[in-house]
Amino acid sequence: YISRHNGTLALELIREDFVDQLPNLREVELRTIQRPDTLLWYTNTSLTKLCISFWNRWHSFQPAFTQSLTHLSNLRHLELVLEENHTETQEFVELGGPSMVNLTFLHITAQLMVIPNAISCLTNLEVLNLRKNKLSIFPEPILLGPLLLLHTLNLSQNLLTDVPQRISELKSLTSLDLSYNKIIIIPNRLFTISGLTSLDVSSNSKSTRRNFEVFEEGKDTLRYLKLESSYLQEIPYSVYSCTLLESLYLSGNKIRSFSDDLTELKNLRKLDISKALTIPESLKDLESLEELDVSVAAEIPAVVLELKRLKVLRIGRDSKIGVLPAEISKLSNLTELGVHSLQKVNKEMLQLRELRVLDLRSITQKNPLVYVWSEKEFKRHLPRLE
């Protein structure tokens, strides 16, 4: 039976043998399923992708269901997500093992406190996503193998407090997300992973602020670094030695000063310093910079208006700019502009002919802008506006 709910189609009842009746089926995605153990997955060994989200009491049927998954010898992609309203701790005792050795992508979100040791047998695993569980200790099975092909590891939104030395044994790792944990020390061992290009350690313990300097030196392969909401008042010096950085996210930090060494980041294309208490003059020397997020008081600093290569400029919600300065027209390459406090459109703004995205979402009924300028008029002046 199919019913409409919130503009989507929901299957209320599925025949047990529906997979068996579709012998050529390769991919299955089922959301908000009550009893997945009643589905006879093991009758169709051709499945390569299976994505399921549950909302019923998982512990009552989990053993039978995970046992049935072991028959899917061709499975490459598996996602098991327990809906957010569940708070019970779960376990996956049988998941993994030699019978699922072909898995390359695994995502489990189910309030886990531990993960099964059998995951260490998944020697072809390339992507492992364990976000939004209850892991307080770094999952040992990840390191037991080790998983030599693993290039993406997401352990965000857990309860981790430490990162083990052996993480450096994950030689293929290129992307690591440890954000929203309780990690006190961001260890230098992360920089011993030879191919690491993306690292996110945002929103960890407040004590993290004084422990960033354990980085003895920056990583010469790192291209993406996220240190959002890390209680920083200045950028850790080691960051400046990551000379290949292309994206640096520091949102949520009340940074009081920037070192002149910021100019060492010559490859930087994206910089988010929203909430920073100052904007560095050295921005003008970042010749590759194309995307900038900042917070300003009542006016945009002159150094920002000199960034003629800029394509994206977002001015934070806490800014109080009523009218953009005439010099905004100098940023002729802008394709996206976000100004949440704007009260009036001036003619110089309408000279930004390359604009595709214009974000004015904070406009209220008291703001005359919404009445003066219709969508049609915006598009007449800004032909590329999407």
Side-chain angles (χ1 to χ4, degrees), residues 96 106-117 119-120 122 125-232 235-242 244-245 247-250 252-253:
L106 178 59
H107 174 194
I108 304 176
T109 293
Q111 303 289 332
L112 298 181
M113 293 186 69
V114 295
I115 65 173
N117 288 332
I119 282 184
S120 63
L122 304 179
L125 202 60
E126 298 176 3
V127 177
L128 179 58
N129 187 343
L130 297 172
R131 63 186 290 268
K132 297 186 75 173
N133 285 291
K134 291 186 176 181
L135 302 172
S136 58
I137 300 176
F138 196 92
E140 190 67 21
I142 297 175
L143 306 173
L144 288 177
L147 305 178
L148 296 179
L149 299 182
L150 191 69
H151 60 71
T152 300
L153 177 58
N154 188 339
L155 292 168
S156 63
Q157 300 182 66
N158 277 282
L159 304 171
L160 301 177
T161 58
D162 189 24
V163 182
Q165 184 73 34
R166 291 186 59 193
I167 194 172
S168 60
E169 296 179 15
L170 299 174
K171 301 297 185 183
S172 298
L173 200 63
T174 60
S175 177
L176 178 61
D177 190 344
L178 297 171
S179 60
Y180 292 92
N181 278 281
K182 297 184 177 181
I183 299 172
I184 297 175
I185 296 179
I186 307 299
N188 187 49
R189 64 187 68 119
L190 293 181
F191 282 100
T192 63
I193 303 173
S194 58
L196 194 67
T197 60
S198 175
L199 176 62
D200 188 350
V201 289
S202 302
S203 300
N204 272 279
S205 169
K206 190 170 184 178
S207 301
T208 302
R209 175 176 59 186
R210 61 177 179 272
N211 289 313
F212 272 106
E213 293 304 328
V214 296
F215 292 154
E216 294 178 3
E217 59 182 25
K219 187 69 184 129
D220 55 5
T221 61
L222 208 60
R223 287 172 168 77
Y224 178 102
L225 179 59
K226 220 169 184 182
L227 301 174
E228 294 182 339
S229 300
S230 296
Y231 307 96
L232 298 175
I235 300 178
Y237 183 75
S238 53
V239 171
Y240 297 123
S241 59
C242 300
L244 293 183
L245 268 183
S247 302
L248 178 58
Y249 296 89
L250 299 165
N253 295 294

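Note that the structure is predicted; figures quoted are calculated from it, not measured. Counting from 1, the numbers follow the sequence of the chain as shown.
- When the side-chain hydrogen bond (donor to acceptor under 3.5 Å, both in side chains) test is applied to Ser156, the partners found at least two apart in sequence or on another chain are Asn154.
- With a 4.5 Å cut-off on side-chain heavy atoms, Ile115 and Ile108 do not count as touching.
- What you find for Leu155 and Asn181 is that their closest heavy atoms are O-ND2, 3.0 Å.
- A distance-only check finds a donor-acceptor pair linking the side chain of Ser230 to the backbone of Glu228 [under 3.5 Å].
- In this structure, the side chain of Asn133 does not engage the main chain of Asn158 through any donor-acceptor pair within 3.5 Å.
- In this structure, Leu244 and Thr197 have side chains that are not in contact, with every pair of non-hydrogen atoms separated by 4.5 Å or more.
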Report, one line per pair, each donor and acceptor closer than 3.5 Å where one atom sits in a side chain of residues 139-153; sequence neighbours left out.
residue, atom, partner, partner atom, Å
Glu140, OE2, Arg166, NH1, 3.4

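- With sequence neighbours excluded, the residues forming a side chain to side chain contact (heavy atoms under 4.5 Å, CB included) with Leu159 are Lys134, Ser136, Lys182, listed by chain and number.
- For the atom pair Leu160 CG and Ile137 CD1, the distance stands at 9.5 Å (nearest 0.5 Å).
- Residues Leu227 and Val201 meet the side-chain proximity criterion, which asks for heavy atoms closer than 4.5 Å.
- Interatomic distance, Ile183 CD1 to Phe138 CZ, rounded to the nearest 0.5 Å: 8.5 Å.
- Using a 4.5 Å heavy-atom cutoff, the side chains of Ile119 and Leu106 are in contact.
- Every side-chain hydrogen bond (donor to acceptor under 3.5 Å, both in side chains) that Thr109 has, sequence neighbours left out, goes to His107.
- Counting heavy atoms from C-beta on, the side chains of Leu196 and Leu222 come closer than 4.5 Å.
- Rounded to the nearest 0.5 angstrom, Leu170 CG and Ser194 OG are separated by 10.5 Å.
- Rounding to the nearest 0.5 Å places CG of Leu248 at 10.5 Å from OH of Tyr224.
- Here Arg223 pairs with Glu246 under the salt bridge (Lys or Arg N to Asp or Glu O under 4.0 Å) rule; sequence neighbours left out.
- Every side chain to side chain contact (heavy atoms under 4.5 Å, CB included) that Asp200 has, sequence neighbours left out, goes to Asp177, Ser179, Ser202, Lys226.
- Side-chain atoms of Ile167 and Leu176, non-hydrogen and from C-beta on, do get closer than 4.5 Å to each other.
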